[in-house]
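Here is the structure we will look at.
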Protein chains: 2
Amino acid sequence: MFAHIARKVQLCALPSLICIETGEQYKNIDTCSYIWRQLLAAGADRQTLLLNLGGGVVGDMGGFAAATYQRGIGFIHLPTTLLAQIDAAIGGKLAIDFDGLKNMVGLFRQPEAIFADPFFLATLPTRQLRSGYAEMLKHALIADPEQFAVLDPDTLPRTEAHTWGQDPREVAAISRAAAIKMAVVRDDPQEKGRRKILNFGHTIGHALESWSLVRQPNDPLLHGEAIAAGMIAELYLSQQVAGFPTAQFNRVATRLRSLFPQQMIKTACQAAFNGDDLFWHALGKDKKNVGNSYRFVLLRQIGSPIWDIEINQQDIKKALAICREWASN
Amino acid sequence: MFAHIARKVQLCALPSLICIETGEQYKNIDTCSYIWRQLLAAGADRQTLLLNLGGGVVGDMGGFAAATYQRGIGFIHLPTTLLAQIDAAIGGKLAIDFDGLKNMVGLFRQPEAIFADPFFLATLPTRQLRSGYAEMLKHALIADPEQFAVLDPDTLPRTEAHTWGQDPREVAAISRAAAIKMAVVRDDPQEKGRRKILNFGHTIGHALESWSLVRQPNDPLLHGEAIAAGMIAELYLSQQVAGFPTAQFNRVATRLRSLFPQQMIKTACQAAFNGDDLFWHALGKDKKNVGNSYRFVLLRQIGSPIWDIEINQQDIKKALAICREWASN
């Protein structure tokens with residue numbers, strides 16, 4: 001992953017390259033300081049434009065570095081992963097992780113532009129593609145039953161995943177997923193209300209991801225993998241609390257089962273269920289919480305989300321047990 | 001210096017204190033990380049309000065920490081120094097220093113409110129008061145000949161400086177200085193044009209300050225002290241390039257001479273004149289520069305600034321020599 005710098009006035013005439021390591025574990029203040037230092041070394045000034053070519057980590061951190069370098073220079077996202085193309089690059093959320101907590105330091109700022117080319121998806125390993133697919137499915141679950149029907153089951157990225165994203169139906173599904181995100185964000189750019197629905201699957205998912213980054217640092221869960229597990233857990237809570245139909249829950253659970261690393265998810269859920277502080281600390285620090293309660297986005301049915309729903313620790317444990325079981329079959 | 005946290009809904013009911021060391025040398029990413037960590041430890045969430053009680057360093061860094069914690073929580077400035085009350089707290093500029101360069105990382109964001117009480121000025125050492133006075137004088141020089149006449153010579157903070165700021169005339173002058181800053185900032189919040197006039201004295205002043213922070217770390221020049229020196233140098237350039245009246249230059253130079261630490265300023269100007277890389281590097285990294293030129297705000301006369309004026313290295317050296325001479329008399 002890398003990022004380009006160019007002057008707006010002579011785009012790409014004399015670009016400088018800043019390369020960073022791949023992976024969420026590098027989305028921290030140290031890498032961000034490295035980017036600021038490289039910008040300084042390259043003589044970047046307030047007219048400099050930073051091009052963030054890479055996945056979600058490059059967009060989140062490159063955007064944050066740009067938005068704070070000399071109190072803010074312009075930046076363009078060139079997302080290369082499915083996850084970034086349909087989710088991370090859209091909406092102006094920029095952040096780094098801090099003390100092992102996801103996106104704890106950041107801000108809101110829109111890029112000058114986003115250019116998403118499905119061509120890049122051919123460069124992705126299957127595991128990365130599936131990670132992005134989890135977010136596509138989430139967008140459909142929270143806002144678009146019709147897209148859910150399209151995604152399920154024909155367009156799942158299975159064995160020939162390396163060609164996924166080139167077929168016109170797949171490109172259409174990607175555009176639609178990006179459009180869902182854009183529509184939600186446009187209604188509520190600062191996440192005062194409805195934008196919270198994008199966090200479906202993320203309350204437990206983020207905490208599992210935070211746990212995994214510390215406990216499995218050499219091979220952590222990818223973002224979408226943790227979110228897939230989080231969605232199973234939160235769909236279960238939706239079923240228990242919000243009347244989400246059991247048949248739909250089973251359908252989603254069955255579809256997702258073979259797509260994600262079951263052993264890793266099982267281990268993470270087991271640790272969380274057993275009370276590993278790391279998970280519960282991360283859950284407690286979730287930005288969606290207010291004070292000491294755990295707040296969730298739940299679904300009444302596909303396309304009908306509700307938010308700010310308080311759930312107690314015991315019910316969260318039940319959901320973790322269900323998710324563990326899901327990953328064991 | 002310290003900062004308060006309170007919940008908006010129960011202001012000051014259960015505040016947590018975050019204390020940081022005093023001085024520009026602590027306005028860095030390490031102290032900022034400490035603030036983020038303390039906010040986390042205090043359980044701060046998106047509803048938390050950070051109260052920045054202190055001088056410019058607390059406002060700049062506390063504001064930056066708040067504006068980036070969980071992508072931005074609210075903050076209120078309670079400036080306790082003259083410099084912060086008339087300048088630093090106003091305008092939404094937030095920043096930390098980076099790799100020894102002033103305000104290299106930051107952003108623009110307005111506080112929820114600013115409460116400035118001259119009562120706090122009675123707690124200031126004379127040197128701090130005079131540092132703020134340099135910025136008051138700058139506001140008058142760039143925008144308000146009438147205020148300049150008031151400030152000169154009756155309200156100079158001289159020997160009884162510890163009572164300065166309590167007299168109604170002094171309070172009026174403080175309010176007027178704050179109003180000048182507010183008016184300039186309101187016209188151009190993002191510093192696209194006219195707001196640049198606030199940087200009068202700061203091109204050379206900031207570089208001298210950056211130099212001093214590294215070369216005299218135990219007793220560096222205060223911000224206003226470096227700016228006073230920068231104003232002498234840039235008034236000289238104004239006289240050479242923009243027709244600023246010589247009589248006015250002499251008047252300002254004479255008034256300011258005994259107020260600031262002459263030996264320290266002389267040493268800094270001498271080092272810069274002799275070509276110390278640290279100074280020229282900092283000057284080259286000034287955010288007002290575009291590409292490789294040095295750009296200045298200059299005055300045609302008091303209250304008539306011009307900006308984006310290019311000055312070459314040789315003329316800057318002459319200005320440093322004049323400033324060194326000024327500090328030697």
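Each chain gets a letter, A, B and so on, in the order the sequences are listed, and its residues count up from 1. Since this is a predicted model, take the numbers as computed values, not measurements.
Counting heavy atoms from C-beta on, the side chains of Trp36(A) and Asp99(B) never come closer than 4.5 Å.
In Asn312(B), the CG atom is crowded: over 12 heavy atoms of neighbouring residues, nucleotides or ligands sit closer than 6.0 Å. Annotation for Asp187(B): atom CG counts as buried by contact number, over 12 foreign heavy atoms lying within 6.0 Å.
Per-residue counts of heavy-atom pairs under 4.5 Å with chain A were compared for Ala67(B), Ser33(B), Gly72(B), Ala65(B); the largest is that of Ser33(B).
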Query raised in the report: Arg46(B) and Glu191(A): side-chain contact (heavy atoms from CB on, under 4.5 Å), yes or no, with the steps?
Result: CA-CA 11 Å; Arg46(B) 283 181 176 173; Glu191(A) 196 169 313; 3.3 Å; yes
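Arg37(A) touches chain B through backbone and side chain together, each having a heavy atom under 4.5 Å away. Residue Leu101(A) touches chain B through its side chain alone, counting heavy-atom pairs closer than 4.5 Å.
To the nearest 0.5 angstrom, Gln70(B) atom CD is 12.0 Å from Phe98(A) atom CZ. Taken from CD1 in Ile29(A) to CG in Asp30(B), the straight-line distance is 9.5 Å, to the nearest 0.5 Å.
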